[in-house]
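Heads up, the thing below is written out as structure tokens.
These numbers come from the heavy atoms of this one structure, side chains and all, not from hydrogens, waters or symmetry mates. Remember, predicted model here, so these are calculated numbers, not experimental data.
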Amino acid sequence: MISLFDNLPLPGLAGAGLPPLPAAVPPRDDDGTESGIPSGAPASDPVERARRRAAGGAGGGDGSDGARRPGLDPAALLEGLNPQQRAAVVHTGGPLLIVAGAGSGKTRVLTHRIAHLLATGQARPGEILAITFTNKAAAEMRERVGTLVGPAAGRMWVSTFHSACVRILRREHEVLGLRSSFSIYDAADSQRLMSLVCRQLDLDPKRYPPKTFSRKVSDLKNELVDPEEYARSVSESNPFDSALARAYALYNERLRQAHALDFDDLIMTTVNLLQAFPAVAEHYRRRFRHVLVDEYQDTNHAQYVLVRELAGVDRDQDGRADGDPGDLPPAELTVVGDADQSIYAFRGATIRNILEFEEDYPQATTILLEQNYRSTQNILSAANAVISQNPGRRAKNLWTESGDGPSIVGYVADSEHEEARFIAEEIDRLGDEHGVRPGDVAVFYRTNAQSRALEEVLVRTGIPYKVVGGTRFYERREIKDAVAYLRAVANPDDAVNLRRILNVPKRGLGDRAEAMLAAHAERERVSFGQAIADAAASGEERDTVPEVIGLTTRARNQVRAFHELLTELRDMETAGASPAEILDAALDRSGYLAELRASEDPQDATRVENLAELHAVAAEFAELDPEGGLGDFLERVALVADSDQIPDSDGVDQGQVTLMTVHTAKGLEFPVVFVTGMEDGTFPHQRSLTESDELSEERRLAYVALTRARERLYVSRAAVRTAWGMPQELPASRFLEDIPSELVDWRRAESSMETLRRGRGGSGGGGYGSGGFGSRSYGSGSYGSGSYRSGSYGGSGQDRDVRGGSGARSGPVRTGKLGVKETSARTGAADPAPRPAGEGIGLDVGDKVTHDSYGLGTVVGLEGAGSSAVAKIDFGGGQVKRLLLRYSPVTKL
DNA sequence: GTGTTGCATCTTTTT
DNA sequence: GATGCAACAC
């Protein structure tokens with residue numbers, strides 16, 4: 001009986017450089033025999049494990065099984081580990097929680113733990129499921145385990161939540177009524193579909209924005225709330241909620257008709273599958289005896305349940321109908337995470353999962369990893385100080401043996417351009433004086449839009465750089481168009497993608513034709529793809545096929561041509577053409593490429609290049625995985641992320657400075673890190689200022705940012721930053737003030753404006769008459785190469801003086817660390833005169849105001865309320881400014 | 001049916 | 001400042 005299990009076919013090892021594709025999943029013995037297997041030996045019994053292997057031999061001729069690999073010595077795997085790490089590696093038995101602070105060697109522990117399980121015979125490679133969040137993390141883990149245990153690592157499942165689910169769903173697609181080449185919709189596709197749905201339901205897009213609905217549906221799916229359940233829970237008197245309930249139901253129906261799953265479905269559907277089909281669940285539980293989850297703090301509810309289902313934790317409670325509860329013990333569960341690095345609550349991650357792990361799993365063991373192997377003590381002390389301000393947090397204190405290191409360098413610029421200039425000069429100087437290569441340097445920002453100013457300066461100074469993230473490759477229009485063609489080829493029912501390309505490039509099939517086809521599909525209860533086929537029917541077929549009414553002859557001819565194109569491409573696929581060849585044909589025969597080439601628009605030239613790159617990706621795919629079909633390629637494309645494109649740090653060349661958001665930076669490290677935009681309103685982000693939960697998340701984000709640095713850490717802010725096309729004045733980030741001042745060497749401690757204000761009678765009362773210094777002070781010319789620049793390179797004595805004065809820095813701008821919400825109306829420089837009681841800001845449209853720099857103006861609009869209130873003020877001469885009242889020196893007259 | 005213009009919104013963060 | 005969408009003109 002046991003051999004049945006042992007003889008599971010092994011996945012091929014083709015495409016060694018690539019993550020295994022779903023096709024590599026071993027077939028399942030699903031005739032029910034499995035459930036009848038008496039479990040003589042609990043999987044966790046090492047002796048039995050070893051015996052099995054010795055007796056049965058490894059299945060499928062895997063002479064390279066890890067345990068036979070010479071040199072895989074359990075004791076050797078423990079060398080160089082500290083006591084806590086070691087405990088985590090050797091732990092056996094119940095669930096294990098590893099609380100791993102930043103830089104504490106988490107991946108090392110995980111990989112060594114896996115290798116140790118194999119070396120001691122506690123597990124065979126095929127029994128291991130390791131789940132990460134990013135493909136990059138998965139690849140790294142696979143590679144590092146590979147170096148420890150050899151090719152046997154190829155038999156483990158090391159993948160992201162999403163791709164693990166796709167692998168499972170692909171195998172089980174029949175049970176779900178899906179074609180195996182089902183489409184995966186990304187956020188943009190989902191929104192498109194939601195727009196169609198909302199239009200069909202006649203919902204006013206102003207009151208019920210499809211985008212909001214799309215996000216809400218995503219949230220619901222992350223909570224495993226299906227449309228029926230949601231409809232039940234919603235009160236009909238609430239128009240928004242009931243509209244949402246209807247939209248959710250129709251949206252899901254449309255997805256199903258299109259044989260498509262959205263991102264959240266991948267998890268939710270897998271959970272549903274495992275819960276609804278005990279035999280399927282049992283198959284995976286038997287297979288995966290060790291489940292390891294990385295970044296556990298970022299799991300959402302659906303992922304949490306998925307882990308429980310896979311590990312078989314809840315078996316006894318929820319329904320093993322076969323009445324054989326003692327059969328299969330739960331898999332051994334290891335989760336690794338750090339609540340302080342949870343930065344994805346906004347998309348449903350719940351920090352609860354890690355905080356309450358011990359309650360969820362009463363037998364759990366917890367191991368804390370606090371020794372940091374990455375950063376200097378100065379950096380860690382700063383990070384600790386910032387994160388310690390978060391309420392309700394489990395105390396944790398990172399420490400290192402590597403010494404204090406250089407001071408953290410702080411810099412206050414007058415504008416984002418000045419900030420960028422400082423960074424560029426500093427990178428230059430570090431290169432000259434300390435041999436720092438551009439590749440050693442990373443610049444972080446809160447939002448992608450901030451990369452612009454940095455890029456401008458880097459281009460000008462000739463420092464090589466690379467922006468990671470931003471508008472992502474697979475979200476570019478031309479790429480989405482091209483991929484839509486491939487999706488439509490692979491999945492003829494994929495309505496969203498068919499509609500996307502129906503008139504791309506232009507073939508005279510506009511809204512009207514599309515509507516007619518959609519109406520036909522609805523009337524005849526067929527898919528949109530079938531409607532196209534019906535319209536294209538000609539000659540004899542015409543009699544057997546319902547007519548698509550309302551199409552002009554011309555439109556019908558165009559639809560026919562479109563349909564023929566798709567048919568040709570599908571024939572190519574059937575004939576075994578590679579994804580690259582199909583892509584080629586699609587772009588060529590549709591005329592898409594020709595249209596771009598003929599275009600005058602310089603942007604279109606870039607588009608052609610991007611398509612060439614996509615083609616290169618497809619060609620490379622075919623090379624590495626010759627067996628891979630169109631579906632495999634599309635799956636790969638659907639599940640890639642930005643962070644996957646981050647170059648590995650150990651390039652031989654000088655490399656490039658890496659620019660990215662803090663979110664993207666998670667899990668990475670750099671010798672030199674610049675954390676930019678440390679302003680209240682930028683980082684922490686504006687939208688987080690009023691919610692303490694969100695503020696906590698911002699703080700964790702700051703913690704992540706600071707702990708990326710190995711040796712040198714820079715924090716900088718700009719007193720004025722252009723956002724929404726308008727300059728805004730922003731005070732120092734509260735996170736800066738949390739950093740103990742003795743750790744920071746302020747190269748420049750306040751902005752020109754702040755210096756002037758202070759000089760003019762300062763923080764107290766009425767120094768805010770009409771502005772004597774105009775907008776000139778924002779320009780780059782008014783200070784620049786003068787005194788402080790040389791100061792910044794000069795002796796540190798002067799720096800110290802500046803730092804000494806930094807206490808005053810927060811004076812005029814923001815008072816203390818009081819709750820923002822309560823004090824916002826009265827804080828800030830904007831308050832020389834008492835404000836009228838009641839409405840916090842006391843401004844109305846039509847009021848006359850003065851502004852310290854812009855002079856006299858009239859309020860022409862008000863937006864937001866409380867601390868985020870913004871006024872649109874016309875200062876004459878076409879100057880209409882949007883000002884965040886809380887921080888703007890505006891006085892009502 | 002297509003192209004242009006003006007308007008609104010956008011700036012979190014991602015598998 | 002950019003992009004996408006809706007309304008309008010051709």
Side-chain angles (χ1 to χ4, degrees), chain A residues 131-138 159-166 184-188 190-192 195 205-206 209-212 215 218 221-222 261-268 295 298-300 302-303 342-349 444-453 456 468-472 474-477 503 505-515 552 554-555 558 603 635-644 660-667 677 681-689 694 697-698 700-702 704-705 721-728 863 882:
Chain A
I131 304 179
T132 63
F133 268 85
T134 65
N135 296 302
K136 185 164 193 283
S159 67
T160 64
F161 271 105
H162 294 269
S163 58
C165 286
V166 171
I184 299 170
Y185 282 1
D186 66 16
S190 308
Q191 250 181 58
R192 244 182 133 82
S195 298
K206 289 268 170 352
K211 215 173 156 185
T212 309
R215 245 206 50 223
S218 170
K221 288 184 175 181
N222 285 336
L261 297 174
D262 65 26
F263 263 136
D264 307 301
D265 278 337
L266 295 179
I267 313 287
M268 181 169 176
E295 308 281 17
D298 285 335
T299 51
N300 61 34
Q303 289 159 335
S342 162
I343 55 174
Y344 286 113
F346 71 94
R347 70 169 211 227
F444 299 156
Y445 34 79
R446 177 64 237 271
T447 62
N448 280 306
Q450 290 168 249
S451 73
R452 197 193 188 93
E456 281 169 13
V468 182
T471 35
R472 294 193 287 294
Y474 287 102
E475 278 172 24
R476 290 167 209 263
R477 192 178 61 190
N503 199 30
K506 298 261 176 296
R507 28 175 99 82
L509 295 173
D511 292 347
R512 191 180 155 76
E514 187 183 337
T552 62
R554 212 167 96 181
Q558 290 293 63
Q603 269 199 330
E635 177 195 322
R636 176 75 57 82
V637 164
L639 297 176
V640 292
D642 284 354
S643 47
D644 301 332
M660 62 182 136
T661 65
V662 181
H663 279 91
T664 315
K666 191 168 85 154
T682 307
F683 192 5
H685 192 271
Q686 198 98 273
R687 287 174 51 167
S688 73
L689 292 177
E694 290 183 38
E697 177 141 319
E698 295 286 311
R700 293 193 292 269
L701 199 49
V704 168
R721 185 174 294 277
T722 304
W724 301 286
M726 298 267 129
Q728 287 197 285
E863 305 163 19
R882 285 175 88 249

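Counting only heavy atoms from C-beta on, Asn503(A) has its side chain closest to dT2(B) among dC10(B), dT2(B), dG1(B). Among the nucleotides dT14(B), dT15(B), dC10(B), the one closest to any side-chain atom of Thr664(A) is dT14(B). Of the candidates dC10(B), dT13(B), dT15(B), the closest approach to any side-chain atom of Trp724(A) belongs to dC10(B). Nearest to the side-chain atoms of Phe346(A) among the listed nucleotides dT13(B), dT15(B), dT2(B) stands dT13(B). The side chain of Arg687(A) has dT11(B) as its nearest neighbour among dT14(B), dT11(B), dT2(B).
Summarising the geometry, the separation between CZ on Phe133(A) and P on dT13(B) is reported as 18 Å, rounded to the nearest angstrom. As rounded to whole Å, 13 Å separates atom C1' of dA7(C) from atom CG of Asp511(A). In this entry the distance linking CD of Glu698(A) with P of dT11(B) reads 15 Å, nearest Å.
Across all strands shown, Ala513(A) has heavy atoms under 4.0 Å from sugar-phosphate atoms exclusively, and none from any base. Across all strands, His162(A) comes closer than 4.0 Å to base atoms (heavy-atom distances). Residue Asn448(A) is classed as a sugar-phosphate contact, given heavy-atom separations below 4.0 Å to backbone atoms only. Residue contacts for Asp264(A): at a heavy-atom cut-off of 4.0 Å it reaches no nucleic acid atom on any strand shown.
At least one side-chain heavy atom of Leu639(A) sits under 4.5 Å from a side-chain heavy atom of Leu266(A).
Stacking is not found between Tyr344(A) and the pyrimidine-like six-membered ring of the dT13(B) base under the 5.5 Å centre-distance and 30° plane-angle cut-offs.
Between Phe346(A) and His663(A), the gap from one ring centroid to the other is short of 6.0 Å.
The neighbour count for Arg476(A) CZ, taken as heavy atoms of other residues, nucleotides or ligands under 6.0 Å away, is above 12.
The structure places CD1 of Ile184(A) at 5.5 Å from CD of Glu635(A), a figure rounded to the nearest 0.5 Å.
Taking atom P on both dT13(B) and dG4(C), the two are 15 Å apart, rounded to the nearest angstrom.
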